[in-house]
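Since the structure comes first, as structure tokens, the remarks are kept for the end.
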Amino acid sequence: MFNQRIKIKQLLSGTPTGTEVVVMGWVRTFRNNQFVALNDGSTNANLQVVASLGEFEETILKRITTGASLKVTGTVVESLGKGQTVEVKATSIEILGDSDAEKYPLQPKKHSLEFLREKAHLRFRTNTFASVFRIRHALAFAVHQFFNERGFVYLNTPIITSSDAEGAGEMFRVTTLPMEGAPKNEQGEIDYTQDFFGKSTNLTVSGQLEGELGAMAFSEIYTFGPTFRAENSNTTRHLAEFWMIEPEMAFHDIEDNMNLAESFIQYLIQYVMKNNADDLAFLDARLAEEEKQLPTEKRSGLGLLEKLNLVVNNNFERITYTEAIDILLNSNHYKKKKFKYDVKWGIDLQSEHERYLVEQHFKKPVIVTGYPAAIKAFYMRMNDGCEAGKETVAAMDILAPGIGEIVGGSQREERLEVLEARMRSMHVPVEEMSWYLDTRRFGTVPHAGFGLGFERMIQFVTGMTNIRDVIAFARTPKNCEY
RNA sequence: UCCUCCUUAGCUCAGUUGGUUAGAGCAUCUGACUGUUAAUCAGAGGGUCGUCUGUUCAAGUCAGACAGGGGGAGCCA
């Protein structure tokens, strides 16, 4: 058996001195021709391997370069140096894989995130990205644990869909028809009856509609998978391929929905604070360092850990859309005409408005409910007793500091007639959606759900400002490396 | 898609009103030193100044187009 090694994280957490160990990992630095900082990805803490002078061939020492992989056998000893309590005194060092020092792009120094983004295949070997992706893993695990504890069924909704009725964004077409000389029908349009599925198909933009079908049987389900949007969005918070978590619950109204979303977010943060304290501490220090470089007016004034504690220990602010508009209209910011976009009832809130509410006014996450029906999707439940011309739906968005919208959800319209009427007025093809409407025909119930952008959640927890730095291999317009 | 800024050594960046042979730190290589912590010290190598076109006696520097990247906006999660 090849792998009898101990992982560095385990070794550093209390292996008694005198123990014989085998460790494997990659060289971060080799100092003084004697001290190897070895990392195996289990923690950012490096293991110091000591190659005592004169005990190793010069030809081996020459090959211990940054990025090279080693198998080290040795003894755990108390460290004579100051940077660590224990180290491994090597009895043998085997080079598993060389790393040409002249060509290896990562140096033992600070690199810019932009540079590392172009070296995405190697950036996991840096402390920042190692921490981010260990946290990403922990968050994914916590998502499943949260829902599993509550009896939700994990439903895998399809990635290829034929439904184009959601209006959630531009879609990527899926086809096996030839690009040139595609078969045409009598009207001269492309004949999708000859395509693989016999119809036009796309990559999913949301699993929600299928999720509702599941909720109408299991009571509570959630989806967690990749989602695709072909929007030409070039921002720090959009990806063409991203992961989304979409719970859908029967017998829930909008308030139950808010309660679940709020405790979900708090649960995820608490899980990471408990299980990834080292990584969070590293990112907290990193962010504090970054802040120092910024001019005073651009600093957030709140450390990463402080921010996370604030979110975990306080209820989210809950306001209606109408109240949000009033707050904006009464703000000095508005009176001094500092908003670029005008504020009046009926508008969709712009980022600058959301940022004002979250970052200036409330200074914590805010849940906004009761948006105008005209600016929201067809499946959202019409609120009863609205003033004419000011119809609202039972929608809710959770706005987070620094990220903006992190959750979008609603109570769904369960009344068949109301839903059909709304679909017709919004030009949603009612006949093609018959399978969806069956849930309202046969045993319809009040139900609700929301979508949480996984990468945005990771951004919030790690403090990374660009979404491309929290997904392993980002897909964005004009960019599909690896 | 729009606005805006950027592109000079492997990396991070200087480079004056256009003017001799384009610099620094780190990295790399060579040597010294040897309980170092992004080791230190000495020396060396390393450049089509993003690409193309133009203005000029002369362009890293000025103008235009294109490409790539950052930030912001829209769309949204």
Side-chain angles (χ1 to χ4, degrees), chain A residues 28-37 45-54 61-62 65-67 77-84 87 89 99-119 126-127 166-170 205-208 226-246 261 293-294 298 339-341 348-355 375-377 397-400 403-409 450-460 465-471 476-479 481:
Chain A
R28 285 289 175 83
T29 65
F30 185 33
R31 289 183 292 268
N32 228 343
N33 223 21
Q34 207 180 154
F35 304 102
V36 183
N46 296 325
L47 173 69
Q48 171 148 292
V49 171
V50 183
S52 299
L53 287 171
L61 296 178
K62 284 262 182 214
T65 54
T66 303
V77 296
E78 215 169 293
S79 179
L80 298 173
K82 282 187 180 142
Q84 56 284 315
E87 61 194 19
K89 190 175 176 340
S99 173
D100 186 336
E102 293 208 45
K103 293 186 182 141
Y104 186 63
L106 302 185
Q107 298 162 17
K109 69 168 217 174
K110 190 175 160 62
H111 288 289
S112 69
L113 295 176
E114 292 80 15
F115 171 72
L116 292 170
R117 213 169 284 153
E118 291 177 5
K119 300 271 177 288
T126 65
N127 285 336
E166 291 155 38
E170 293 293 313
V205 293
S206 162
Q208 183 204 310
T227 309
F228 308 87
R229 306 264 168 102
E231 298 286 350
N232 191 6
S233 295
N234 292 288
T235 78
T236 53
R237 53 192 190 284
H238 287 87
L239 292 165
E241 176 180 307
F242 65 99
W243 287 62
M244 191 152 63
I245 297 140
E246 296 180 289
Q293 314 290 325
L294 294 174
K298 286 206 166 176
F339 288 122
K340 199 172 146 204
Y341 291 85
D348 209 350
L349 295 178
Q350 303 293 323
S351 326
E352 59 173 352
H353 304 143
E354 296 180 349
R355 292 184 77 104
I375 58 171
K376 287 291 181 182
D397 283 357
I398 301 185
L399 311 176
I403 311 286
E405 187 179 341
I406 193 167
V407 162
F450 62 85
L452 174 112
F454 189 49
E455 282 78 15
R456 288 192 183 171
M457 185 66 201
I458 303 167
Q459 277 188 281
F460 186 73
T465 51
N466 193 315
I467 200 165
R468 293 162 200 197
D469 295 331
V470 300
I471 189 164
T476 53
K478 301 272 185 294
N479 192 338
E481 282 296 310

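The structure displayed is predicted, hence computed values, not measured ones. Per chain, numbering begins at 1; letters A, B, ... match sequence-line order.
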I'd like the [atom1] distance from [M] over to [N], given in whole Å.
N      : M      : atom1 : answer
C29(B) : A9(B)  : C1'   : 15 Å
C41(B) : G47(B) : P     : 26 Å
G46(B) : C3(B)  : C1'   : 39 Å
U17(B) : A24(B) : C1'   : 24 Å
G69(B) : U28(B) : C1'   : 26 Å
U7(B)  : A14(B) : C1'   : 15 Å
G72(B) : G25(B) : P     : 34 Å
U48(B) : A44(B) : C1'   : 24 Å

Less than 4.0 angstrom between a side-chain N/O of [X] and OP1 or OP2 of [N], yes or no?
X         : N      : result
Gln350(A) : G74(B) : yes
Arg468(A) : G70(B) : yes
Arg237(A) : G71(B) : no
Arg117(A) : G70(B) : yes
Ser351(A) : G72(B) : no

Length of the line joining [X]:[atom1] and [N]:[atom2], which is rounded to integer Å:
X         : N      : atom1 : atom2 : value
Asn234(A) : C2(B)  : CG    : P     : 11 Å
Glu352(A) : G72(B) : CD    : P     : 14 Å
Lys478(A) : C66(B) : NZ    : P     : 14 Å
Asn33(A)  : C41(B) : CG    : P     : 17 Å
Lys89(A)  : G35(B) : NZ    : C1'   : 12 Å
Lys340(A) : C2(B)  : NZ    : P     : 14 Å
Glu170(A) : U1(B)  : CD    : C1'   : 12 Å
Asp469(A) : G69(B) : CG    : P     : 14 Å

Between the side chain of [X] and the main-chain N/O of [Y], is any donor-acceptor distance below 3.5 Å?
X         : Y         : answer
Glu170(A) : Glu231(A) : no
Glu246(A) : Gly207(A) : yes
Ser79(A)  : Gly81(A)  : yes

Tell me, please, which residues at least two apart from [X] pass salt bridge (charged side-chain N to carboxylate O under 4.0 Å, His left out).
X         : value
Arg28(A)  : none
Lys109(A) : none
Arg237(A) : none
Lys110(A) : Glu290(A)

Pairing residues for Tyr341(A) by the ring pair (Phe, Tyr, Trp, His ring centres under 6.0 Å) criterion, not counting sequence neighbours: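 Scan of Tyr341(A) (ring pair (Phe, Tyr, Trp, His ring centres under 6.0 Å), adjacent residues dropped) gives none.
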
Pairing residues for Phe460(A) by the ring pair (Phe, Tyr, Trp, His ring centres under 6.0 Å) criterion, not counting sequence neighbours: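 Result, ring pair (Phe, Tyr, Trp, His ring centres under 6.0 Å) vs Phe460(A): none returned.
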
Smallest separation among heavy atoms of Asp397(A) and Gly408(A), with atom names: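 Taking every non-hydrogen atom into account, OD1-CA, 3.5 Å.
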
Closest non-hydrogen atom pair between Val470(A) and Glu455(A), with its separation: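 Here Val470(A) and Glu455(A) meet closest at CG2-O, 3.6 Å.
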
If you look at every strand shown and take non-hydrogen atoms under 4.0 Å, does [X] touch a base, only sugar-phosphate, or nothing?
X         : result
His238(A) : base
Asn466(A) : sugar-phosphate
Asn479(A) : sugar-phosphate
Tyr341(A) : sugar-phosphate
Phe242(A) : base
Leu106(A) : nothing

Partner residues of Ala51(A) under the side-chain contact (heavy atoms from CB on, under 4.5 Å) criterion, sequence neighbours left out: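 For Ala51(A) the side-chain contact (heavy atoms from CB on, under 4.5 Å) partners, ignoring immediate neighbours, are Phe56(A), Leu61(A), Ile93(A).
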
Contacts of Asp348(A) that satisfy side-chain contact (heavy atoms from CB on, under 4.5 Å) - sequence neighbours left out: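 Ile375(A).
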
Glu354(A) vs Lys62(A), nearer the 5' end of RNA chain B by closest nucleotide: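 Nearest-nucleotide comparison on RNA chain B picks Lys62(A).
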
Listed nucleotide nearest any side-chain atom of [X], set [options]:
X         : options                : value
Thr235(A) : C11(B), U34(B), G74(B) : G74(B)
Thr236(A) : C75(B), U12(B), G71(B) : G71(B)
Gln107(A) : C11(B), U28(B), U12(B) : C11(B)

Output a table of nitrogen or oxygen pairs between the protein and nucleotides 36-38 of chain B separated by less than 3.5 Å.
from: U36(B); atom 1: O4'; to: Asn32(A); atom 2: ND2; distance (Å): 3.2
from: U36(B); atom 1: O2; to: Arg31(A); atom 2: NE; distance (Å): 3.0
from: U36(B); atom 1: N3; to: Gln48(A); atom 2: OE1; distance (Å): 3.0
from: U36(B); atom 1: N3; to: Gln48(A); atom 2: NE2; distance (Å): 2.9
from: U36(B); atom 1: O4; to: Gln48(A); atom 2: NE2; distance (Å): 2.5
from: U36(B); atom 1: O4; to: Gln84(A); atom 2: NE2; distance (Å): 3.2
from: U37(B); atom 1: O4'; to: Arg31(A); atom 2: NE; distance (Å): 3.0
from: U37(B); atom 1: O2; to: Arg31(A); atom 2: NH2; distance (Å): 3.3
from: U37(B); atom 1: O2; to: Gln84(A); atom 2: OE1; distance (Å): 3.3
from: U37(B); atom 1: N3; to: Gly83(A); atom 2: N; distance (Å): 3.4
from: U37(B); atom 1: N3; to: Gln84(A); atom 2: OE1; distance (Å): 3.4
from: U37(B); atom 1: N3; to: Gln84(A); atom 2: NE2; distance (Å): 3.3
from: U37(B); atom 1: O4; to: Lys82(A); atom 2: N; distance (Å): 2.6
from: U37(B); atom 1: O4; to: Gly83(A); atom 2: N; distance (Å): 3.3
from: U37(B); atom 1: O4; to: Gln84(A); atom 2: NE2; distance (Å): 3.4
from: A38(B); atom 1: N3; to: Pro108(A); atom 2: O; distance (Å): 3.2

Letter per nucleotide, 5' to 3', of nucleotides 46-52 of chain B [B base touched, S only sugar-phosphate touched, - untouched; heavy atoms, 4.0 Å]: -------

Pair assignment for RNA chain B - dot-bracket with | for other-strand partners, Watson-Crick or G-U under 3.5 Å: (((((((..((((.....[...)))).(((((.......))))).....(((((..]....))))))))))))....

Sequence-distant partners of Glu114(A), side chain to side chain donor-acceptor pair (under 3.5 Å), two or more places apart: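 Side chain to side chain donor-acceptor pair (under 3.5 Å) check on Glu114(A) returns nothing, list empty.
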
Side-chain-base donor-acceptor pair under 3.5 Å for Ser233(A) and C76(B):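 Checked by distance alone, the answer is no.
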
